[in-house]
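Whatever order the structure lists ligands and atoms in, that order sets their numbers, starting from 1.
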Amino acid sequence: MRYSIAILASVLLFSGCKQAEKEADKELVYDMYQPSEMSLLMQQMYEHNQKIKEVILSGETPTDFPEDFLKIHTAELSSFKSRNETFEGFSHLFVESEKQIFSDSSEVDLKDRYNNTINLCLSCHQTECTGPIPKIKKLLIP
Ligand code: HEC
């Protein structure tokens, strides 16, 4: 019994995170899938970093750290996910790295600080939720 619940849980969890990749199942998934607070925050973080990338590529310096990103520490995850130590660890590293983009005392090249941050999105996703990885990779500045 326990075993089948675990399978069910992993199937549901998989479909939530696979959403971005599985075109064919999209409609079905959207019907069943109520985005969690964390999913919405992630989409927002994606769009915001896309803007930051454009600012950097236009040769300017992004100015304000988006305080909303701190919600990563509290936002509710999809029902079959839990905040484990790995998630907590990566979320702190990520927030610190994102803050560095806006630091005016950093010695590190702006593009590197930005790419380091996107690589932390990717690192966490490799452990938690691999579906959006191809999409997140597009945020990297070549
Ligand atoms: C600490 C781990 C962690 C970090 C860091 C992280 N993510 Fe996520 N991300 C997740 C988890 C877990 C989910 C699934 C959330 C859920 O289902 O509740 C997710 C979901 C997503 C989704 C899918 C949202 C949806 O359902 O449509 C996208 C896109 C995404 N993340 C992009 C990003 C981007 C871009 C960054 C960096 C700016 C980032 N993530 C950083 C763990 C992380």
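Contact check for Thr74 versus Glu37: no side-chain heavy atoms found under the 4.5 Å cut-off. No side-chain heavy atom of His125 sits under 4.5 Å from any side-chain heavy atom of Phe90. Residues Glu96 and Leu120 are not in side-chain contact: their nearest non-hydrogen atoms beyond the backbone lie 4.5 Å or more apart.
Taking 2.8 Å as the threshold, Met38 does not count as a candidate ligand of atom 8 (Fe) of ligand 1, since none of its N, O or S atoms lies below it.
Shown here for Val108 and Arg113, the closest heavy-atom pair between the two residues is O-NE, 2.8 Å. Nearest heavy atom pair, residue Ser91 against residue Glu88, reads OG-O, 2.9 Å.
Counting atoms of ligand 1 from 1 in the listed order, those under 4.0 Å from a heavy atom of Ser91 are 1 (C). Applying the 4.0 Å criterion to heavy atoms of Leu139 picks out, from ligand 1, the atoms 35 (C). Each of the following atoms of ligand 1 lies closer than 4.0 Å to a heavy atom of Asn49: 38 (C). Ligand-side atoms of ligand 1 in range of Phe94: 5 (C), 37 (C), 38 (C), range being under 4.0 angstrom from any heavy atom. Counting the atoms of ligand 1 from 1 in the order shown, those under 4.0 Å from a heavy atom of Gln43 are 24 (C), 25 (C), 26 (O), 27 (O). If you number the atoms of ligand 1 from 1 as listed, the ones under 4.0 Å from a heavy atom of Phe90 come out as 1 (C).
Nearest N, O or S atom of His125 to atom 8 (Fe) of ligand 1: atom NE2.
The distance from atom CZ of Phe69 to atom CD of Glu98, rounded to the nearest 0.5 Å, is 4.5 Å. The structure places CD1 of Ile136 at 10.0 Å from OG of Ser123, a figure rounded to the nearest 0.5 Å. Atoms CZ and CE, on Arg83 and Met38 in that order, are 4.5 Å from each other to the nearest 0.5 Å. Going from atom OG1 of Thr117 over to atom CG of Leu140 covers 10.5 Å, rounded to the nearest 0.5 Å.
Residue contacts with ligand 1 for Phe87 involve both N, CA, C or O and side-chain atoms from C-beta outward (heavy atoms, distance under 4.0 Å). Contacts with ligand 1 closer than 4.0 Å are made by no heavy atom of Glu76, backbone or side chain. When heavy-atom distances to ligand 1 are checked against a 4.0 Å cut-off, Pro132 comes that close only through its side chain, counted from C-beta outward. At a heavy-atom cutoff of 4.0 Å, ligand 1 is contacted by no atom of Glu37, backbone or side chain.
Which of Gly131, Ala75, Ser39, Ser36 comes nearest to atom 18 (O) of ligand 1 through a heavy atom is settled by distance: it is Ser36. The option with the heavy atom closest to atom 41 (C) of ligand 1, from among Gly89, Cys121, Ser79, Ser78, is Cys121.
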